[in-house]
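First the proteins, then the strands, lettered A, B, ... as listed; each starts at 1. The basis for the numbers below is simple: all heavy atoms, side chains too, and nothing from hydrogens, waters or symmetry mates. Because the structure is a prediction, the values reported are computed rather than measured.
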2 protein chains.
Amino acid sequence: MEQEVEDAARSTPRRLYVDLRDRILDGSLAGGQPLRQEELAARYGVSRSPVREALRQLEADGLVTYQANRGAVVSSVSLADALEMLEIRIALECRALRLAIPLMTDQDLAGIAAVLDAYGAAHDVTDWGRLNRDFHLALYAPADRPRLLALIQDNFDNAHRFARVQVSNATGRDRPHREHQDLFRACREGDIDAAVQMLEAHIAYSQKALAATVRRGPAERRGVAGAGAGGHGN
Amino acid sequence: MEQEVEDAARSTPRRLYVDLRDRILDGSLAGGQPLRQEELAARYGVSRSPVREALRQLEADGLVTYQANRGAVVSSVSLADALEMLEIRIALECRALRLAIPLMTDQDLAGIAAVLDAYGAAHDVTDWGRLNRDFHLALYAPADRPRLLALIQDNFDNAHRFARVQVSNATGRDRPHREHQDLFRACREGDIDAAVQMLEAHIAYSQKALAATVRRGPAERRGVAGAGAGGHGN
DNA sequence: TATTCCCATATTGCATCCAATCCTGGGGCG
DNA sequence: CGCCCCAGGATTGGATGCAATATGGGAATA
């Protein structure tokens with residue numbers, strides 16, 4: 001999970017795992033879609049054995065659901081799941097930010113500011129998504145807690161499987177940009193409590209926006225993460 | 001992860017996965033120990049294919065580390081890892097508690113009280129560990145956030161791979177018991193902020209106790225989780 | 001005696017193969 | 001006309017076999 005570039009070249013199951021995971025997270029593979037072993041094996045030019053190992057890893061990540069004798073299906077993300085993952089974002093990221101702020105160097109702050117500027121200059125909605133991710137991860141990186149950061153990253157990507165497009169459309173770019181700038185200022189001034197407060201409100205707002213968006217027009221969401229009508233995913 | 005009883009019977013890889021995971025978490029399989037595919041296959045009376053799938057799942061959980069062409073070894077947990085997992089406990093469990101308290105019914109409170117009483121009556125150190133786990137999980141269960149609770153459970157078990165014996169020995173039973181009782185009272189009275197504060201202090205104390213114990217006598221810890229001297233685990 | 005090279009062995013990685021289970025469609029029966 | 005059943009294909013689950021890589025120990029050499 002940490003060193004994808006090297007790992008991708010390492011073993012076949014790893015390569016398949018990384019590729020499939022990315023395709024699930026970016027929505028290329030929608031929730032509910034069955035993953036046929038033979039088909040994947042053919043696509044990657046390997047046999048079914050490494051495919052099965054990759055699928056098991058995806059299952060452990062909760063990105064794929066196994067049904068007995070019926071193979072693997074891309075797991076669906078319900079609205080409740082997405083809201084809960086944002087809840088988890090609050091838990092993990094607020095703590096990480098609290099740990100990070102006292103350790104931020106000038107270099108760290110400059111890096112964060114650069115991401116912020118790029119965000120302000122970006123026009124494409126996919127750039128917003130990427131830069132939003134970069135901004136948040138850059139905030140927490142100074143904490144130097146590899147496990148916590150890995151958890152944050154996994155949960156962030158998973159949360160945004162469902163929420164990316166909707167939230168971006170619902171809230172636009174300006175409000176998060178303002179909030180990011182405020183957050184950055186609080187970090188720079190070392191005001192931990194204020195920064196954590198802002199971050200919580202920032203994520204909580206996207207929870208509300210997501211709930212509101214889905215309630216208004218839930219049709220779209222099925223396309224993104226498959227949104228299981230009944231059971232909530234994995 | 002949720003329904004182990006049914007899952008254990010379901011598929012062979014699942015059965016192996018659950019069993020191996022339990023053996024790693026309870027320390028039967030120490031960190032650094034290589035897991036030979038052939039040997040595991042023989043032990044469980046199956047071929048290497050399902051063994052490999054189970055190992056891949058354990059790898060995704062971070063309980064096992066793969067080395068290219070050298071197979072899987074039980075991942076080691078350094079002191080820094082253990083402290084970080086306690087940090088993650090603070091993040092996840094404080095949030096879960098905050099969500100749970102407003103939703104606690106009289107029945108929930110009665111259940112928590114029962115665990116607390118059992119803790120007070122227990123004499124064995126392994127009972128303390130189990131009841132400590134039960135107490136904490138019972139606190140968060142009313143939040144009714146399945147993903148959050150699953151994360152908490154996984155992280156809790158992983159954290160205690162390293163810390164269980166040491167912390168129990170270092171802090172004894174009385175102090176955590178008192179803290180649990182205080183925490184319970186705050187929950188019953190609906191004092192969210194106080195309860196969360198206490199929980200954070202409770203876990204932070206075990207961080208300090210763990211660090212102190214290891215610094216005093218680090219010899220023992222190698223036996224529990226294998227404690228990699230150099231690189232920190234997965 | 002220390003060191004390096006090399007080969008035998010152990011082990012993994014992956015492909016292939018067979019058995020078991022699931023799904024689909026068509027014919028038989030009520 | 002509708003329902004049930006079952007046969008054939010599709011798909012998964014697991015075992016086996018073979019090639020590739022790592023490991024360990026002994027012989028040859030400096």
May I have the distance from A:R15 (atom CZ) to C:dG13 (atom C1'), rounded to whole angstrom? 13 Å
In degrees, rounded to 10°, what is the bend between the two ends of the helix from C:dT1-D:dA30 to C:dG30-D:dC1, using five pairs at each? 10°
side-chain contact (heavy atoms from CB on, under 4.5 Å) filter on B:R98, not counting sequence neighbours, yields B:R95, B:I192, B:D193, B:V196
Over-ring placement of B:R56 relative to B:Y66, 6.0 Å and 45° cut-offs: yes
Do the ring planes of B:F156 and B:H160 sit parallel (below 30°), tilted (30 to 60°) or perpendicular (above 60°)? parallel
How does protein reach along nucleotides 15-25 of chain C, written 5' to 3' as B (base within reach of a heavy atom under 4.0 Å), S (only sugar-phosphate), or - (no contact)? BBB---SSS--
In terms of side-chain heavy atoms, does B:R48 have a donor or acceptor partner in B:Q37 at a distance below 3.5 Å? yes
Using a strict cut-off of less than 4.0 Å between a Lys/Arg side-chain nitrogen and an Asp/Glu carboxylate oxygen, indicate whether A:D26 and A:R161 qualify as a salt bridge. no
Give the rounded distance in Å between these two atoms: CZ of B:R36 and P of C:dT9. 18 Å
Can you list everything that forms a salt bridge (Lys or Arg N to Asp or Glu O under 4.0 Å) with A:D144? Sequence neighbours excluded, please. none
Base, sugar-phosphate or nothing for A:L55? Non-hydrogen atoms, less than 4.0 Å. nothing
With a 4.0 angstrom cut-off to heavy atoms of chain A, pull out the first and last contacting nucleotide of DNA chain D, in 5'-to-3' order. D:dT11 to D:dG14
Whole-Å distance, B:Y66 OH to C:dG13 C1', equals 10 Å
Assess whether a salt bridge exists between A:D61 and A:R21, defined as any Lys/Arg side-chain N lying under 4.0 Å from an Asp/Glu carboxylate O. no
Under a 4.0 Å threshold between the charged nitrogen and the carboxylate oxygen, would B:R147 count as salt-bridged to A:E84? no
Those residues that, when tested against A:A143, pass side-chain contact (heavy atoms from CB on, under 4.5 Å) (two or more places apart): A:L99, A:A100, A:R145
May I ask you to say whether A:E59 pairs ionically with B:R14, meaning some side-chain N is under 4.0 Å from a carboxylate O? yes
When you check the side-chain N and O atoms of A:Y119 and A:D134, is any donor under 3.5 Å from an acceptor? no
What's the CG-P distance between A:L40 and C:dC14, to the nearest Å? 16 Å
